[in-house]
Amino acid sequence: MILKLVFVGGLRRVFGGGIEIKLGKKMKLRDLIEVLVKKNHRLAEVLDTNGPKPGYLLFINDVDYQVLSGMDTEIDDDDVLTLVPVNHGG
């Protein structure tokens with residue numbers, strides 16, 4: 001079981017298609033972001049422990065994280081997080 005972080009639009013050029021990480025246990029979104037930023041410091045350009053920075057949308061299994069439990073949303077292996085720049089184009 002592996003969590004996937006997928007990048008679309010212009011983020012794909014910066015980060016590639018995505019990152020895969022084995023969690024092994026559930027964690028809150030804010031804690032996961034902290035782990036991801038430590039692994040790849042460039043992610044701090046688009047994410048922090050308050051959520052995506054202005055100009056970016058974050059979806060968990062195709063649902064906006066704010067519709068779920070926000071930064072307290074429980075994340076587990078097999079979840080797919082998608083980071084989308086607002087100016088993603090078509």
Side-chain angles (χ1 to χ4, degrees):
M1 296 189 301
I2 295 177
L3 169 107
K4 294 179 184 176
L5 177 59
V6 178
F7 302 99
V8 297
L11 293 174
R12 186 176 291 264
R13 284 180 292 220
V14 176
F15 297 105
I19 295 172
E20 294 185 347
I21 184 172
K22 183 171 175 62
L23 292 181
K25 65 176 185 171
K26 288 184 180 183
M27 65 174 50
K28 293 186 186 252
L29 178 59
R30 72 171 34 84
D31 299 325
L32 173 65
I33 288 173
E34 188 174 325
V35 168
L36 291 170
V37 168
K38 284 181 183 177
K39 288 182 177 273
N40 184 336
H41 296 290
R42 293 202 64 198
L43 284 172
E45 297 172 22
V46 294
L47 292 171
D48 65 28
T49 53
N50 294 317
K53 292 192 175 181
Y56 300 94
L57 304 173
L58 178 63
F59 298 95
I60 301 169
N61 301 322
D62 296 326
V63 178
D64 188 322
Y65 82 101
Q66 294 175 328
V67 174
L68 302 169
S69 296
M71 295 305 290
D72 291 323
T73 302
E74 293 274 332
I75 306 296
D76 202 358
D77 286 323
D78 290 335
D79 283 343
V80 177
L81 281 69
T82 306
L83 195 57
V84 180
V86 173
N87 61 348
H88 54 81

**OP:** Hey, could you give me the CG/OG1 distance between D64 and T82, rounded to the nearest 0.5 Å?
**Re:** 11.0 Å
Original post:
V14, V84: one ILVMFWY side-chain cluster at the under-4.5 Å cut-off?
Top reply: no
Subject >> side chain to side chain contact (heavy atoms under 4.5 Å, CB included) between L32 and L23, worked out >> reply: CA-CA 9 Å; L32 173 65; L23 292 181; 3.8 Å; yes
Subject >> Candidate pair K53 and D48, rule side chain to side chain contact (heavy atoms under 4.5 Å, CB included), full reasoning >> reply: CA-CA 7 Å; K53 292 192 175 181; D48 65 28; 3.8 Å; yes
Original post:
In Å, rounded to the nearest 0.5 Å, how long is the span from CG of L81 to CG of L36?
Top reply: 8.0 Å
**OP:** Starting at CG of L29, measure out to CG of L68 and round the result to the nearest 0.5 Å.
**Re:** 9.5 Å
**OP:** State which residues pass side chain to side chain contact (heavy atoms under 4.5 Å, CB included) with E45; sequence neighbours excluded, sorted by chain then number.
**Re:** R42
**OP:** Give the minimum heavy-atom separation between F59 and L57, together with the two atoms involved.
**Re:** CE1-CB, 3.8 Å
Subject >> Residue list, side chain to side chain donor-acceptor pair (under 3.5 Å) with N61, at least two apart or on another chain >> reply: D79
Subject >> Pairwise distance CD(Q66) to CD1(I60) - rounded to 0.5 angstrom >> reply: 10.5 Å
Original post:
Does atom NZ of K26 have more than 12 heavy-atom neighbours from other groups under 6.0 Å away?
Top reply: no
**OP:** Grab the two heavy atoms, one from P85 and one from V8, that are nearest each other, plus how far apart they are.
**Re:** CD-O, 3.3 Å
Subject >> Residue pair I19 / L43: nearest heavy atoms and the distance that separates them >> reply: CD1-CD1, 4.1 Å
Subject >> Rounded distance [0.5 Å steps], CG in D72 versus NZ in K28 >> reply: 4.0 Å
Original post:
Does R30 come within less than 4.0 Å of E34, counting only side-chain N to carboxylate O?
Top reply: no
Original post:
Are V86 and V63 joined in one hydrophobic group, where the rule is that I, L, V, M, F, W and Y side chains link up if heavy atoms are under 4.5 Å apart?
Top reply: no
Subject >> Atom of I33, atom of G51 and distance for their closest heavy-atom approach >> reply: CD1-CA, 4.4 Å
Original post:
Between atom CD1 of I21 and atom CG of N40, what is the distance when rounded to the nearest 0.5 Å?
Top reply: 11.0 Å
Subject >> Residue pairs, two or more places apart or on separate chains, that pass ring-ring contact (aromatic ring centres under 6.0 Å, His included) and touch residues 7-43 >> reply: F7-F15
Original post:
Which heavy atom of D77 sits nearest a heavy atom of L3, and at what distance?
Top reply: OD1-N, 4.0 Å
Original post:
Taking all atoms of both residues into account, what is the closest heavy-atom pair of P52 and L83, and its distance?
Top reply: CB-CD1, 4.4 Å
Original post:
Quick one: do L58 and V6 end up in the same hydrophobic cluster if we chain Ile, Leu, Val, Met, Phe, Trp and Tyr together by side-chain heavy atoms under 4.5 Å apart?
Top reply: no
